[in-house]
Structures are given as structure tokens and as C-alpha cells.
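See structure below.
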Amino acid sequence: KEHIAQVEKFEATSKEDLEAFRIKYLGKKGILNDFFAEFRNVPNEMKKEFGQTINALKTKAETKVADIREALENKEEDKGVYGDLTRPAEPINLGSRHPISLVKNQIIEIFANVGFNVSEGPEIEDDWHNFTALNLPEYHPARDMQDTFFIQTNPDVLLRTHTSSVQVRYMEKNQPPIRTISPGRVFRNEAISARSHCIFHQVEGLYIDKDVSFADLKQTLLYFTKEMFGKSKIRLRPSYFPFTEPSAEVDIYWGLNNEIDYRITKGTGWLEIMGCGMVDPNVLENCGIDSKEYSGFAFGMGIERIAMLLYQIGDIRMFYENDVRFLEQFKSVL
Ligand code: PHE
């Protein structure tokens, strides 16, 4: 019985240890054979119990040897370069891209296909790149259009309110022809609701060359809405931006048969998707581009808004809550 306890406790980390154990109990001159030989000398009334006990010891020792041998063999396989190639793979739980990234990448690709590159810039900006160069001098009333987060008492340091600031930086460093889009995170001091947030994402576009006209702008936008939404009915409403002249708001006709559309369109069927216009000559000059030689157009859209339309998302706050039940729904989208 003491041996049974010892067998149960036995562990081996090498084949050699295991073999020594096997010989000790199950070998020709091993403990078990000694016991079996002893059987003859056991008094009759004890034969039954003695027999059962040595049989139990034998089974235990055999199982132990088999188990440890298998474990050691598995371990050896793992050590090989590829292990056992026939073993089924562990299931891999894949993550998914965030819908903002998905839509951003899609927009980048659509414009890359017609020759736009991607430009990026800092989220913490100075007054010049976010406002002044864009034809918004100090005390210009249009500065109120974008409630700004200032992050120091020095009003020259702020969080960019749009990625137009990146376009300014790009023009300062590059001469036309320019075709660039600027995706990025922007910040506005706005109340958080289902429709707006104080942090969101934009893609702005800039096209500057000789003889660029409003017709080029319209055709580029039409190309974009067709590629992005598969819809080609758009309209341009006159609007105002300090950095473009003339300026327009772009609406897309989405139809009237969906509950979420009603929430965004307020029942008209037309959805505003972006702002655009011909770059104001003052802006070109501010950035070192000769406005007599060159002209161009610019546009800007919110990625969240495009994503909400595309995926029928009713509340902008869902993008920032990181609820996996929301995020997992984009697993199949590449
Ligand atoms: N910068 C504008 C905004 O953030 C969008 C825009 C870009 C409008 C370019 C016209 C031209 O609202």
C-alpha cells in the first residue's frame, strides 16, 4: 500500500527517470515480480487482499508509465520547429477595424485612384495655420463658427478645429500641381449629443493647378459620391466659408424610406455631407502660391457623418464608447 502511494506521487521530467521507475516496479527483477513470487508464501486467509493490492499496484504503475510517456512525447513534439502539423489549430479571435478607420481608408482610396496623396499635420496648432492663413484674421466674426479649444492662456496655441490647417502647411511646402487629402482628428467646443461631439474626424481635400474651375470641383465630388455611396444625385447649395469663394454645401439625395435617414435629413431626403469651394486667392497668397497663375478647389467632410450614413448608425457617441457589441459588427468589413 505504501508503494501505491509512492507510485501515485511519482513524476518524471526525463525519459531516463521514467525508465528507471518502470524497471523498479515493472522490470523482470522489479518490485512487482518480487510480490508475485511472495504470493505463494502468503497465508490463505490473506491471499485475497494481498492479490488485490498487488494487482492494483501493477495497474497504477502501468498507467503512470503510459501517461508520463505520452506527456513527454508531446513536449518533444512542441520543441520541433513546426510541431505536429496534423494537429488542429487553436481558434484565433480576430479583432476588427474601427468603423472610423474603415471609412477613412475608403475615402483615401477613392481619392488616391484619381491622383490625390495623403498629408497629415499636428493636432495642436497655432493661430496662423488654423485661422489667419485661411483668411480669418483676428476678430473675424467667422472664428465663432468653430468653437475653439485653447489649451494655454496663450491664444496662439489651440487644438485644430479642422484639417484645413494641414492644407496650409502643405501649400507652404509644396508648389502646384497639388492634389492632397488630409484626414485627421479635430476638436470643437460643442455640446455632446447624438448628432455632434467635441472630438471628431475629418477628411479635407485640396486641388490646385492652372485653370482649375468650379466644374472640376463638381465633377470630383460627383465621382466621390458615386464611389462612396453608389449615389450620383447631388446638389450644391450656396454657402459661406472664409477660405473659399464661392463656397457651397454639398447635399446628397438619400431617399425617404428609412427611419434613420429621417433623423438626419429631417424628412427632406437631402443630406448634407460636406463643405466645399474655390480656394480664396488670399489663402493662396498667404501660403506662397501665386494666385494669378494658379487656382484650385477645396472640400471637407466629417468621417463620422459619412460612416453614420453608410452603416446606419443613429448616435455619434457609439464611435467613442468602444462597446465590443458595436465594434464586432464591423468584423466582416475590410
Ligand atoms: N474647413 C471646413 C470645416 O471644417 C470645411 C471646408 C473645407 C469647407 C474646405 C470648404 C472647403 O467646416
Side-chain angles (χ1 to χ4, degrees), residues 100 104 107-108 111 116 118-123 125-137 140-149 158-171 178-190 195-209 212-214 216-222 224-225 234-252 271-284 286-287 289 291 294-306 316:
I100 298 292
K104 181 184 82 175
I107 298 171
I108 289 175
F111 284 105
F116 285 74
V118 174
S119 48
E120 282 175 337
E123 294 182 344
E125 262 300 358
D126 52 40
D127 183 279
W128 170 257
H129 292 97
N130 196 78
F131 289 127
T132 307
L134 289 160
N135 213 23
L136 280 115
H140 192 291
R143 284 191 178 209
D144 295 341
M145 282 165 72
Q146 301 180 348
D147 293 300
T148 310
F149 281 118
L158 48 90
L159 295 176
R160 67 181 178 196
T161 59
H162 49 188
T163 56
S164 303
S165 57
V166 181
Q167 304 182 331
V168 173
R169 288 178 180 277
Y170 194 87
M171 286 188 279
I178 289 173
R179 287 179 207 171
T180 191
I181 55 167
S182 318
R185 192 158 60 154
V186 300
F187 309 84
R188 288 183 200 177
N189 192 3
E190 275 173 26
R195 290 167 59 97
S196 65
H197 209 282
C198 58
I199 301 177
F200 61 102
H201 299 76
Q202 277 190 328
V203 176
E204 296 218 351
L206 180 70
Y207 186 119
I208 299 174
D209 207 337
V212 180
S213 73
F214 201 88
D216 298 319
L217 167 60
K218 251 176 85 177
Q219 208 55 36
T220 306
L221 298 177
L222 192 58
F224 169 73
T225 55
I234 60 171
R235 74 178 181 192
L236 278 77
R237 264 182 301 112
S239 185
Y240 172 77
F241 297 102
F243 27 87
T244 47
E245 181 61 35
S247 303
E249 220 93 51
V250 184
D251 294 345
I252 182 170
L271 287 173
E272 183 193 317
I273 53 164
M274 62 173 118
C276 67
M278 302 306 290
V279 181
D280 193 298
N282 285 340
V283 176
L284 295 177
N286 285 343
C287 301
I289 290 171
S291 65
Y294 295 108
S295 58
F297 61 77
F299 55 85
M301 66 190 109
I303 301 181
E304 281 80 352
R305 166 158 273 250
I306 308 283
I316 196 170

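Both counts, for ligands and for their atoms, begin at 1 and track the order of listing.
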Heavy atoms only, cut-off 4.0 Å: how does [X] contact ligand 1, side chain, backbone, both, or neither?
X: Phe299; value: backbone
X: Ala298; value: both
X: Ser247; value: neither
X: Glu249; value: neither

Closer than 4.0 Å to some heavy atom of Ser164 - which atoms of ligand 1 meet that?
1 (N)
Should Arg305 and Glu272 count as an ion pair when the cut-off is N to O under 4.0 Å?
no
Can the ring centres of Phe214 and Phe297 be said to be less than 6.0 Å apart?
no
Please tell me if the side chains of Thr220 and Phe111 come closer than 4.5 Å, counting only heavy atoms from C-beta onward.
yes
Residue among Val166, Asn286, Ile289, Thr180 satisfying side chain to side chain contact (heavy atoms under 4.5 Å, CB included) with Met171
Ile289
Closest protein heavy atom (residue, atom, distance) for atom 2 (C) of ligand 1:
Glu204 OE2, 3.5 Å
Nearest non-hydrogen protein atom to atom 12 (O) of ligand 1, with distance, is Arg188 NH2, 3.6 Å
For the pair His162 and Phe131, name the ring-plane relationship: parallel under 30°, tilted 30 to 60°, perpendicular over 60°.
tilted
Establish, from distance only, whether the side-chain atoms of Ser182 and Gln167 form a donor-acceptor pair under 3.5 Å.
no
Check: His162 N/O within less than 3.5 Å of ligand 1 N/O
yes
